Each structure stands twice: as structure tokens, then as C-alpha cells.
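Structure first, then comments.
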Amino acid sequence: MKFDLLKDDFSIPAAEEKVLAFWDTRSVFHQCNELAKDKPHFVFYEGPPTANGVPGIHHVISRTIKDLICRYKAMQGFRVDRKGGWDTHGLPVEIEVEKQLKLENKAQVIEYGVAEFNAKCKASVFKYLDQWNRITRRMGYWIDLDDAYVTLTNEYIESVWWILKNFFDRDLIYKGYKTLPFCPRCETGLSSHEVAQGYQLIKDPSIFVKVKAADEDFSYLVWTTTPWTLPSNAALCMHPEADYVMVEHEGEKLVLAEALISKVFGEDKEVLKRFKGADFERRQYIPLFDIFADKTDKAFYVINGDFVTLEDGTGIVHIAPGFGADDYEIGQKYGLPVLQAIEANGIFKDFAGKYAGMFIKDADPIIIKDLKSAGRLFKKELYEHNYPFCWRCDSPLVYIARQSWYLKTTQFKDQLIRNNNAINWYPDEIRSGRMLDWLENNVDWALSRERFWGTPIPIWVCDDDKCGKMRAVGSIEQLRKEAKDLSEPVELHKPMMDEVKLTCECGSEMTRIPEVLDCWFDSGSMPYAQWHYPFENEDEFKIKYPADFISEAVDQTRGWFYSMIAISTILYDQPPFKNNVVMEFILDKEGKKMSKHKGNVTDPFETMDRFGADPTRWYLLANSAIWVPTKFDPDTLAEVVRKYFDTLRNTYSFFALYANIDEVVDKAAEAGVSIETYLDKKAGEPDRFDRWIMSRYQSLVKEVTGNFDKYEITKAVRAIQHFVIEELSNWYVRNNRRRFWATGDDPAKMRAYLTLYRVLLGVCKLTAPVTPFTSEMLFKELMGLDKEAPLSVHMTSFPKPDETLIDKQLEKTMGLIEKAVSLGRAARSRKNLKVRQPLAEFLVSLPNQMSFDKLEGFLDILRDELNVKKVSAAGRLDQYVSYSAKLNFKAAGPRLGGDVKKAADLLNQLTSDQVREGEQTGEFKIAIEGREVVLSSEEVQVVRMEKEGFAVESDGGLSVTLVTELSEELLQEGFARELVNKIQNMRKSSGFEVTDRIRVTLNSTERVKLAAQRHDEFIRSETLADELEFAQATGNAKEWNINGEKTSISVVKV
RNA sequence: GGGCCUAUAGCUCAGUUGGUUAGAGCGCGCGCCUGAUAAGCGCGAGGUCAUUGGUUCAACUCCAAUUAGGCCCA
């Protein structure tokens, strides 16, 4: 058996499909879990997605992170149970079904039948389950979907009920009002997401109304853009610290904010009196309408609020607590009644006098007309603003206060903040910024939704108004016991739960409140409800609460993150998870949000079919830090494939190519040992390159482990990428190719095999959490016929760094060598000296008096890479180089302070000799304004400048000099190498095999001929030429320019 | 309107506790290699570090404001 070279028509997506088939047929995920059974737990919570929407590319990144951390921890010896989950309740499901059934509002749903409607909802919840299963499998996300928790099951709901009862019995749930955007036509509250979709710039009437003060001779000038809310007015609000004035206008005394006089009247007005807003607090006024005038004595006075702005209007705001969140909140503070003259459907109530039965927008002009005839209208304008409309029916939304059930989260504010602080957030700004901000401004959690498809809130209220007792039910058992008549099977949903009656202590019947639960409460209950705790699995729950790790996108701050923290805090006063990696969104390549109607949505299936799942995963992690928005660009993804994946595969197939020639797989199998053991037995001593790459590899293991442990995923992935491309492929393999060409069991070759084998195997394991497919594929190849080998790379242990193999000095030296090579190439390139032309000498000057001896044993690398005859220390080259000195600001700055610039100037003025002397003595003396200042060699950087015949390049403290003078001997060798190059080109273009022997005919100048004769053997052995003759060109001759000498060459196979 | 994040080369991104030559990959230009070969490698050009002000001997880095994009909330 041979290693598969993974060449020719290799395709990543096709290879991944093979790995998937292997995982499936051998149940690899399951087997991994079995192996981990007795290991310590690393607890992961899956944030449940909703399967009634299609999966997008952003799901791929979030699941890649989850998968990566779970696989990493599993390889580190933890048991990582990965229970899946599905979020199944909520408005999106209902809307989907309404669309399907062409229902437009709640009334129509009721008419259609709640039972049937909810059955449809239940059926549609997993509408795209197939796509979710496909993407989960295709991207290599290992999660247990067979045992997933589902929020609509009786078990799950029962746990949620248990939590709710706990809260209810602790008196933490109460009934209040919640202001929400409401579509009067659909009779539905809208989520903020839906509201955001429907903003339009429109012109609304904006009216200024004179409101008479009670028992005083003036009017408040009040501004509003929603005339239809005026009949529900309860108060006027002024800013307590703002300046208000009384002015006279057409014989009437009016009060308004001083800052707005000219805006309101179009001119200045004489100020009769000045006040602060606070001066008016609690002063009564005469209501504009008498609808509520006789119904309450608690309203119709001036209140103070900070939110009043002096930019528009009059600085006096009309307050209708029934409409508008600010209004409601301040109303609560002052104990104002919630007055609502309209029904939820936007129709004025019966008691609303002449407006009864009118739709709000139709009532607007009539209200304005009535105010005018009553002499209360000051003026009317049109006001342009963004206003939300229903995205379904295009009706203007109204902000309306609805009765709602609340959880007293504000009571736990301090604990919430404390528990939030105990969580490691990645990045930390979420903890200290977004989440803290949210918690500090915490308002009680509005739990209820006036909808159909959700967890029914298990609170029953006595039908007898006078009794009004309430009771929470916390289990099915309790329900069975207390219900008057409960049919089986029990289904914890509407409408069944609406029909269940309990008996009150007073003897009356109790009816369940009609609302369902906010579905964020469902998902926030998952730490308990996924186990059906406390009814079952108590042990399991105790082990798996709290979680070690979760990860979702930043939009979950106020969603799942908050709901989990809130419930966990109130229930057990501890954080529900310890580490949370929060991702940013994925934008299109222009940095714009992806959205369906823009058509810039990336289809994850298409991406993975085209590039593969591993490159997609790699790209999403490596391209930018995961908490920075990623601009998704398929071109960059293609680059990832070329750079990283192709390089890794090429490195592997280079190894495989030669190892196959030596039949490594079969010989190891014959010997009955692993390939590594086989190679190890035959390998010679590691040389400097072997020790270097192993040292770098061990350092990489350390770096990757450290970064994964800190959830610095991007840094870890980038470190691996750099190692594979630059160090393994580009430096180790390139510099050691010749070792692989040796024949037989050459020990140096076997050591090279072994080194490359070990590093490749190590890289497989290091990357297994990131690129599970590629790692698996290479791992299986590298294992050959070894019967002892683990079934899967995912069953192996994550590499641990072997400190004894780390040689920092060696890494540093090799780094200098690489740098010197790079500088030498730059020098050659600048002087137009191709590498084929040998040069006499290369001089190296090391930073900070580092001894040249350090490079001992590495100089041949410089000779080979740079094609020079000799490499030596730069010391004796003073005569050809001029020196100048520059100040090292970082070193000298703190000591010199304000003198730093002067010192830098003076240092620049030193002569070459002075600098050279300074470098030798280690002291640079300058005089700053008469004072002598001595700078140490640490504080000064010496720069060498080249003179004629030399090429100097410097970087940091390292500086190299190329002697560019060419002797005739060097030139001759240059001709010879040039000839070799051209002959090789012709071999190739003639289609010869690499082993074909040839005959070469040359026709050229004397100079070239001389050079060719002198290097005859070299040329022939390099080009596999039996003969090199000088004659007239034959048939296939080609003209070449050999370093300026015209030459014709022909090659024939012998 | 409030909170948070982002802005560095044509593109995608690095840039340690502030230190004077701001890095890498792609793309582009030039070249090299031809025993990893429909691959590989090198060198080069390219930047007012979004704008404005401040702190400092010294600011891409710290502070403030502004502009643009993103997220969340009003």
C-alpha cells in the first residue's frame, strides 16, 4: 500500500464527503462520546435555533466556534456532551402560519380555530429541519440532534411551569402595563425586529394646543403629533430645570419653554414672567375633553420629566400613559391612571362621545376641528418624521399600553450585575458595556404575549371579581390533581389549557389567564428544562449546571444571554455559564448587512459545495477576530484554499511521494510497527533543521493551546497558518529537499521523513478542532496500515508541548539566518544580480554585539540560498562602509525626556569615524547645550551605508553586505549556470522525462565556450547530458541571450 | 436620541505597556526556480493610520468631539 498523493483531480468538497461517509458508517461521533464516558465533564449549552427559518452563513460561524471548542476540550480529555436543542415557540412561527392560511388578524385566527391553528404551528416548526440537519452534517458540526431538547414538549413546558410557579409563589410575578408597538388592523403586538422593518418617512399633523390652567389665568401651550391620543390625556409634562416663560399672544397669556419662543411664534415675544418647569409641578389644568373628566380625580395636572426636549414643540408634552413608553413610565411614577379611549383595534370606545366607533386616523382631523371651534387650537402644522408601519398590512402602528404580566427582575438588579461580572465574556466589552448597560437600566421583564402558539402561562385567576385570588400551577401532577375536569392526553398548549378550570378556595371556578409566555423565557429555561428538571435527571442537571461554555452572536445579549442570566439569578443566584464567546455579524463584502431583498445573502450550502466546509470554517475564524464583523468575500475564501489548504496538502504529498518510493507504509507493516516507530529506528541524528522545526512546532503547540484556552481562536488559527506556510513548507521542506533524494536507508533521509511525519501528524491534531475533515483525511493517510492506530484523529489527544525540544536560541539563530537571506536577496535584486550569478562574499553584522560564532553551522545555508562563495563577519569591512548613528528613542526617551530631539539631531551629525569609535567603545558622547551626555550602545542604533562595489541592507540591528565585484572566474561560473538553466528549460519544453539522457550542441562566443569547457562536468551532470559539443546548431536550435552573449543551443535525446 | 463595536496600502487584516523605517497576504510590477512542477519562491512599488482638537519630549496607540458603517435599545 502507498500513501495517497492527493494529487491530480483532488477536490476538497469531494474529500469531505468521503470523510462524512466514514463518520456515518463508523458512528465516529458516537464512539468518541463512548470513549469519554468516564472523563471529567466540560459542559456546553447549545443555544436553540428555530428550525422554521433557513440556516444562513452566520449560523455556520457560530456553530464552527461551538464545534471547535467542544472538539478541543474533548481532545484534551474531557467528556463533552453536546445536546442539541430547538426553539419552537413564538411569533415568527405564527406569522409563517398566518401567511400560509391567509389570516390577517387575531380575530381571523380565532374564527379559524385556535386548536387547528396551533396544530399547524406545531407542524411548521420543523419546516426547514431537513436543511438544518443537512447543514449540521455538511459543516461537520458534531452535536447530538437525536437527543435534542425541544421547547414545545410537555416535559420542557413542565419545567418552565415549575420555574414560573417558583417565581409566582415568591411574589415575583405581577400584572401591569406594557407599552408595545401594536398594529391596530392585525391586532398584534410587533417585535422590535418587525418594527424596524417598517419605518417610513411621513408627514403627520402636528398641533399646538392651548390647555387652560385651573383657577389661573393662563394656558399651557402643548404640542403633539398624535391628536387621537389627546382624549386619553392624563397629564402635561415639563422639564424641571428648563426655563419657561409666560408671554402674551392675541390677548391670551401662554406658557411655554423660553428656548422655543421664536420657533413657535416666528418672532420674539415680550416675557411677562419666568419660571422653572419645577414651579408648575402638580398644578391642575382643565382637561381638553370630558371623556374621562368625571371618571378620575387623579389626573390632569403638571408633572416633571427629564426626557422633555427643547428642540421641537413647546417644551410642554402631553402625557397619555396608555400610549407611549415614556408616558407610561412617568405615569407610574406619579400614579397617573392609564386612560385609554380606544380599543386595541384602533377604534374609539363607546364612551368616547362623538368619536365612538371611529378609527384613530379618521378621528384626527375631527379632533383638530373640534379643538379649533373650542378655541383651544393655537396652530396646526405638518411634521415630517420616521414612523413605523406594519410590515404586513402597512397600517400605522400605535404605541399602546396593554395589560401584561411582569417578572420583578429589577428587584435582583445587584445580583444580576454581580453574576454578570462573574462571567468571562469574550470580548470583555460585552460584560462591561452592552450587558452591564442593559442590566443597570433593567426594567421588569414583561413575560406575557397575547398570542396563541407558546407556553401557556400557568396562572389561574378566580372568576369571582370580588375574590380575585390567583394560583400558579407548577407541574402536570398538580394540574391533574386540581383541575376540575382534565381530559387526557394532557397537552400543555392553547386551547386545551384555556379550558381547564380550577376551584378557588372561595368555591368559585378559576380560569387561566389567556396569555402565552415570551419565548425568550422558554430558551432561558434550557439549563433546567433540557433535563426536565426537577422532575427527572437531577444528577445530570447537577453536573451540567452551570455551563462551562456557550457561544452565540451579539444580538443575544438582550435575548438568550439575558434570559438565562435572569432566570438563573432569580432561581439559584449564580451565573448560568462561565465563558461566553460572543460573535459579531457577517456582512457582505461591502460591509453591508446581508438581507434577502438586497440579494447579497451568502448561501452556506453553495459556499461549502464550492470551497468545502473546512476552508469555510477556517476563513470565518482566521479572517478577522470573531467579535469583529466579518466582511464575507468568496474571493478571499478562494485565497485561503490556495494558501493554507493547498500548501498543507502539497507538503504532505511531497512527503508521500518520497516515502512511497521507499515503500514506507508496507515496510512498517511488515515490521509490525507504526510508521513513526519504523522511521524512528532508521533515522540518524536530527540536524539543525530538524531540531529547528521540532522546536518551532513545540512552540506552536504552546501558543495554540494557550490561545484556545483563552478562547483567542483567531490568534491560534493564524499561528497555525503561519507555521504551515512559512516555516514548514517554505523553510523546512524547501531547504531539505536534497535529503529526500538520497537512496536506500540513508539515515539523514530517514530523519527528514521522521521529522516531517511527526510535524504533519502534529498539525493534523492541532487543527482537528478547526478543520475536522482535512485533519481526519490526512490522519488516516499518515496512519498507513497501522492496526493499533486510533480510528479517528478526533479520538486522539490534543498535543502537549514537549519543553525539552524547544530551543529558543536555535529559533532565534534560524530567524536571523532567514532575515539575512531575505536582506541578501533584496541587495541582489536592487543591484540587478540574479541568484544564478555567483558572488564572492557576503558579510553579516549581527545586532547588539551578538557574536558571529552563533551562526557557526548555519553559514552554508546563506551560501546556498544566496549563491556566494564565502560568508564572513562584517567586522573588517569598515573601510568600505560608512557609518551613521540613529537614536533609539524607546531606550533613550525616558532618560533624556525633553532633550530627546536634540540628542537625535546631534547623533545624526556624528561623522562616520565617530560612530565607528562609539560602536567599538560602547559609548557615544554628545554635548547638549554644553552638558556632556553619554549614550550607551543600547540607546544608539548604528547604520551602515554602502560604498561602491558593495550592496548593504539592514533591518533592525541586522545588517548585511554583498560584495558585488565580479571576477572573470565568477563570471564564467555565471555563464555555466545560465547555460544549465537554458538547457533545463529546453528539456522541459521538449517534453523529455527527468531521467532522459541528452546531447547538447552549443554555438556561442569564445567567452561562453571557455566557460562551458571549464565547467563541462558541472553542466553535464546537472542536465543529464552525455555530451556537450560546440558546433553549428542543428534543427531544433534556439537562440538565447546568455548574460549578454548570443548563444544558440540545441538538445536531442540519445 | 442613548449604549457598545469598527475605521490602518487598491482589497482583507496585524500592530504588544505611547518611542521616529507602521507590518502580512491577495492584487499589481519585475525577477527566480524547474527532482513538491497546470505547483513553488523572491524582490519591488503602494499609507496624511477616517477627520478635528487635546495630553506628552514623543500619539496609529491615550482623551474629547465629528463623520461613516455595524449591533442593541429608545
Side-chain angles (χ1 to χ4, degrees), chain A residues 5 7-8 179 192-193 195-196 307 309 311 324-326 399 427 429-430 432-438 440-441 553-559 582 584-587 589-593 619 622-625 627-633 635-640 642-644 646-647 649-658 714-715 718 721-722 725-726 729-731 733-734 737-738 740-741 821-830 832 834-836 865 886-894 896-904 941 943 954-956 980-981 984-985 987-988 994-995 1024:
Chain A
L5 294 186
K7 284 274 170 186
D8 300 328
T179 303
S192 58
H193 176 75
V195 175
F307 61 88
T309 72
E311 275 158 29
D326 281 342
Y399 284 87
E429 295 98 74
I430 305 287
S432 56
R434 204 177 273 233
M435 185 51 94
L436 185 64
D437 178 53
W438 169 249
E440 275 178 342
N441 297 303
V554 67
D555 60 338
Q556 297 298 326
T557 309
R558 268 87 157 165
V582 184
E584 257 295 347
F585 275 63
I586 300 188
L587 311 171
K589 60 190 285 189
E590 254 90 58
K592 301 277 186 235
K593 194 176 169 172
Y619 165 74
N623 187 54
S624 62
W627 37 80
V628 169
T630 298
K631 292 180 197 164
F632 193 94
D633 182 2
D635 292 339
T636 316
L637 217 169
E639 184 189 321
V640 162
R642 268 203 314 282
K643 292 305 291 182
Y644 174 74
D646 286 356
T647 303
R649 190 163 43 83
N650 243 324
T651 306
Y652 159 79
S653 53
F654 175 83
F655 165 81
L657 181 69
Y658 293 100
T714 302
K715 281 189 181 159
R718 283 177 174 169
Q721 182 163 286
H722 181 264
I725 298 173
E726 300 302 330
S729 167
N730 214 353
W731 195 248
V733 172
R734 186 156 58 87
R737 273 180 294 193
R738 286 183 180 272
F740 290 83
W741 303 342
V821 167
S822 171
L823 291 173
R825 283 184 182 132
R828 268 186 174 277
S829 173
R830 190 159 51 79
N832 263 328
K834 54 180 89 170
V835 183
R836 270 201 296 278
E865 289 282 322
K886 291 184 65 175
L887 189 68
N888 179 345
F889 281 83
K890 188 170 186 175
L896 298 180
D899 291 333
V900 82
K901 274 185 183 146
K902 290 166 204 152
Q941 191 184 326
V943 182
S954 301
D955 182 67
V980 169
N981 170 248
Q984 297 285 34
N985 277 336
R987 283 185 65 110
K988 175 132 191 178
V994 288
T995 49
L1024 295 189

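Predicted model, so just to flag it, every value in this text is computed and none were measured. Chain naming here is simple, since letters A, B, ... match the order of the sequence lines and numbering starts at 1 in each.
- For the C1' atom pair drawn from B:rG15 and B:rG25, the interatomic distance equals 15 Å after rounding to whole Å.
- If you check every strand for non-hydrogen atoms under 4.0 Å, A:R738 touches nothing.
- Per the geometry, CZ belonging to A:R558 stands 12 Å off P belonging to B:rG3, to the nearest Å.
- Nearest approach of A:R828 to A:K834, heavy atoms of both residues: NH1-O, 2.5 Å.
- For A:R434, taking side-chain heavy atoms from C-beta onward, the closest of the listed nucleotides B:rU20, B:rG3, B:rA14 is B:rG3.
- Ring pair A:F740/A:F654 is perpendicular by interplanar angle, where above 60° counts as perpendicular and below 30° as parallel.
- The aromatic ring centroids of A:F632 and A:Y619 lie less than 6.0 Å from each other.
- B:rG53 is paired with B:rC63 under the criterion used here, namely a Watson-Crick or G-U wobble arrangement in which both key atom distances are under 3.5 Å.
- Here the closest non-hydrogen pair linking A:L1024 and A:R987 is CB-NH1, 3.5 Å.
- With a 3.5 Å ceiling on both atom-pair distances, the Watson-Crick or G-U wobble partner of B:rC11 is B:rG25.
- Between A:I430 atom CD1 and B:rC73 atom C1' the separation is 14 Å, expressed in whole Å.
- Closest approach of A:L887 and A:A903 over heavy atoms only: CD2-CB, 4.4 Å.
- Distances from the side chain of A:W741 to the nucleotides B:rG35, B:rG42, B:rA14 place B:rG35 closest.
- Taking every side-chain heavy atom of A:K834 into account, B:rC32 is the closest of B:rC32, B:rA14, B:rU34.
- In this structure, A:R734 places its CZ atom 16 Å from P of B:rC32, rounding to the nearest Å.
- Among the protein residues, A:T647 comes within range of no part of the nucleic acid, since none of its heavy atoms lies under 4.0 Å from any strand.
- A:R718 comes within 4.0 angstrom of sugar-phosphate atoms only, judged by non-hydrogen atoms across all strands, and of no base.
- Nearest heavy atom pair, residue A:M435 against residue A:T557, reads CE-O, 3.0 Å.
- If you take atom P in B:rA58 and the same atom in B:rG18, they sit 15 Å apart, rounded to whole Å.
- Minimum atom distance to the side chain of A:W438 is reached by B:rC73, of the listed B:rC73, B:rG27, B:rG3.
- If you take atom P in B:rC60 and the same atom in B:rG19, they sit 9 Å apart, rounded to whole Å.
- Between the CZ atom of A:R825 and the C1' atom of B:rC32 there is a distance of 9 Å, given to the nearest Å.
- Side chain of A:K890, nearest nucleotide from B:rG25, B:rG19, B:rA36: B:rG19.
- One can place CZ of A:F632 at 19 Å from P of B:rG70, the figure rounded to the nearest angstrom.
- For A:N623, counting side-chain heavy atoms from C-beta on, the closest listed nucleotide (B:rU12, B:rG44, B:rU34) is B:rU12.
- B:rG47 and B:rG23 have their P atoms separated by 14 Å, given to the nearest Å.
- In the set B:rU37, B:rC41, B:rC13, the nucleotide with an atom closest to the side chain of A:N730 is B:rC41.
- Base pairing annotation: B:rG40 forms a Watson-Crick or G-U wobble pair with B:rC32, both donor-acceptor distances under 3.5 Å.
- Between A:R825 and A:E865 there is a side-chain heavy-atom pair separated by less than 4.5 Å.
- Under the 4.0 Å criterion applied to side-chain N and carboxylate O atoms, A:D646 and A:R649 are assigned as salt-bridge partners.
- The phosphate of B:rC43 (OP1 or OP2) has a side-chain N or O of A:S822 nearer than 4.0 angstrom.
- Among the heavy atoms of the strands, none lies under 4.0 Å from A:Q984.
- Going from the P atom of B:rC63 to that of B:rA7 covers 14 Å, rounded to whole Å.
- Protein atom CG of A:L887 is 15 Å distant from nucleotide atom P of B:rA58, rounded to whole Å.
- At a threshold of 4.0 angstrom between heavy atoms, the contacts of A:Y658 are confined to the sugar-phosphate backbone, with no base atom among them.
- Taking atom C1' in both B:rU51 and B:rU12, the straight-line distance is 24 Å, to the nearest Å.
- Under 4.0 angstrom from either OP1 or OP2 of B:rC26 there lies at least one side-chain N or O belonging to A:K643.
- Sequence order on RNA chain B of the closest nucleotides to A:A892 and A:A826 puts A:A892 first from the 5' end.
- Rounded to the nearest Å, the gap between the C1' atom of B:rC72 and that of B:rC26 is 34 Å.
- Atom pair A:R737:CZ and B:rU37:P shows a separation of 11 Å (rounding to whole Å applied).
- Across B:rC26, B:rC32, B:rU20, the shortest atom-to-atom separation from the side chain of A:F889 is found for B:rU20.
- Ranking B:rC71, B:rU20, B:rA36 by closeness to the A:V900 side chain, first place goes to B:rU20.
- One P atom belongs to B:rU21, the other to B:rG2, and the distance between them is 42 Å to the nearest Å.
- Pair assignment for B:rA45: none, as no Watson-Crick or G-U wobble contacts are both less than 3.5 Å.
- B:rU20 makes up no base pair with any nucleotide shown, lacking Watson-Crick or G-U wobble contacts both under 3.5 Å.
- Taking every side-chain heavy atom of A:N981 into account, B:rU34 is the closest of B:rU34, B:rA36, B:rC43.
- Nucleotides of RNA chain B nearest to A:V835 and A:V821 differ in position, and the one nearer the 5' end is that of A:V835.
- Remark: P of B:rC5 and CG of A:D437 are 11 Å apart, rounded to the nearest angstrom.
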